[in-house]
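Excluded from the calculations below are hydrogen atoms, water molecules and symmetry mates; all remaining heavy atoms, backbone and side chain alike, are included. Naming: A, B, ... by sequence-line order, numbering from 1 per chain. Since the model is a prediction, treat every value here as computed from it, not as a measurement.
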Amino acid sequence: MMHIFCPYCGELREEEEFHVKGQAHIERPKDPEACSDAEWGDYLFFRNNPRGVHHELWIHAVGCRKYFNITRHTVTYEILETYRMGEQPTITGETKADPTTQAKGVSA
Amino acid sequence: MSDATTLDPQAGAAVDAQPQDMTSSQTSVIDQRPTPEVHAQCARSPLAHLFTARDDGDAGIVLQEKAFLGHLTLRGDPAQPGFAEGVEAALGLALPLTPATLHQNEGGRSIQWLSPDEWLILVPGEEAFTVEKALHEALAGRYQVVNVSGGQTVISLSGDQARQVLMKSTPTDVHPRAFPVGRGVPAVFAKATLVLRRVSESEFELVVRRSFADYLGRWLLDASEEFGVCIKG
């Protein structure tokens, strides 16, 4: 079982207490009326599915019941950082050397 | 927040004629607890049917339902001026601002941190309305106090083997090093959820929802069977 750091509770808690809620930092178009169908469809339905560093929205469902963000590596499952709503990640795909290059050929 | 003063939406015309218990916050509150006579006659706690007095002799587990306590949930922003002071004035206990901590006093009152903007207050049942009113008097601005006494109950778990039963039931680390006295957290427990708190060296309290009480009570009895059970009526 994994332990996940909740930035609101300030400590590591059991994975069972959390739920993932999909990609983080999705911004609703400021003026939906002015969107093209493609833009609106992209906002509603299309999500990144990277092999590598991914920013996700999680909720501490059995706990403080707050949403927060996790930067997670989708290949190694490593949680690189957790941060509160409204904050920006310090680790991104650009800042983090991609370990998948080393991991190639290894069962991931 | 609306300034509704009546509990009966049909009785709009009677608002002025029959003012309810009003406080400075313009929130209507009623005493949910029946009179002592009615309470003594009719009240049935969520575990009354299950936790009947029992003593296996040399029991490793002691269970007791702390029935009919006053449960209040409080929400608000602790950074708001006067919020923490108001809670302390109304309750007689400092507002816990450290995550997963619990403040309690000799009078059976306690307040537990649940979230950066939410706390659980437990008081003796007959004080629930007094405390609820006092909080409304003392607080202003954006806050919320809800009396949830009817929806929850408390199970006291103690005895030499109490930790063994918890370890069977929850992934939360209950080792004394990780779970000192004064710590309280919501927890996954036997696939249900509850609030687990350690109120003294020897005693844990489980705050359970009424709808989970039967299931969790049976789970606890089953999990405790091997250690011998004493149930205080």
Is it the case that more than 12 heavy atoms not belonging to [X] sit under 6.0 Å from its [atom1] atom?
X      : atom1 : answer
B:R142 : CZ    : no
B:R209 : CZ    : no
A:R84  : CZ    : yes
B:Y215 : OH    : yes
B:K168 : NZ    : yes

Given that the side chain runs from C-beta out, which part of A:E16 has a heavy atom under 4.5 Å from chain B: side chain, backbone, both or neither?
->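 Its backbone and side chain both get close to chain B.
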
What part of A:E11 is in contact with chain B, defined as an atom under 4.5 angstrom from a non-hydrogen atom: side chain, backbone, both or neither?
->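 The answer is the side chain of A:E11.
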
Is it the side chain or the backbone of B:T172 that comes within 4.5 Å of chain A heavy atoms, both, or neither?
->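 Interface part for B:T172: both.
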
Where is the tightest heavy-atom contact between [X] and [Y], given as atom of each residue plus distance?
X      : Y     : result
B:V188 : A:V62 : N-CG1, 3.8 Å
B:P186 : A:R13 : O-NH1, 4.4 Å
B:P99  : A:Y8  : CG-O, 3.7 Å

Under 4.5 Å between any side-chain heavy atoms of B:D117 and A:K66, yes or no?
->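 They are in side-chain contact.
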
What distance do B:T193 atom OG1 and A:E17 atom CD have between them, rounded to the nearest 0.5 Å?
->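 Atom-to-atom, B:T193:OG1 and A:E17:CD are 10.5 Å apart.
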
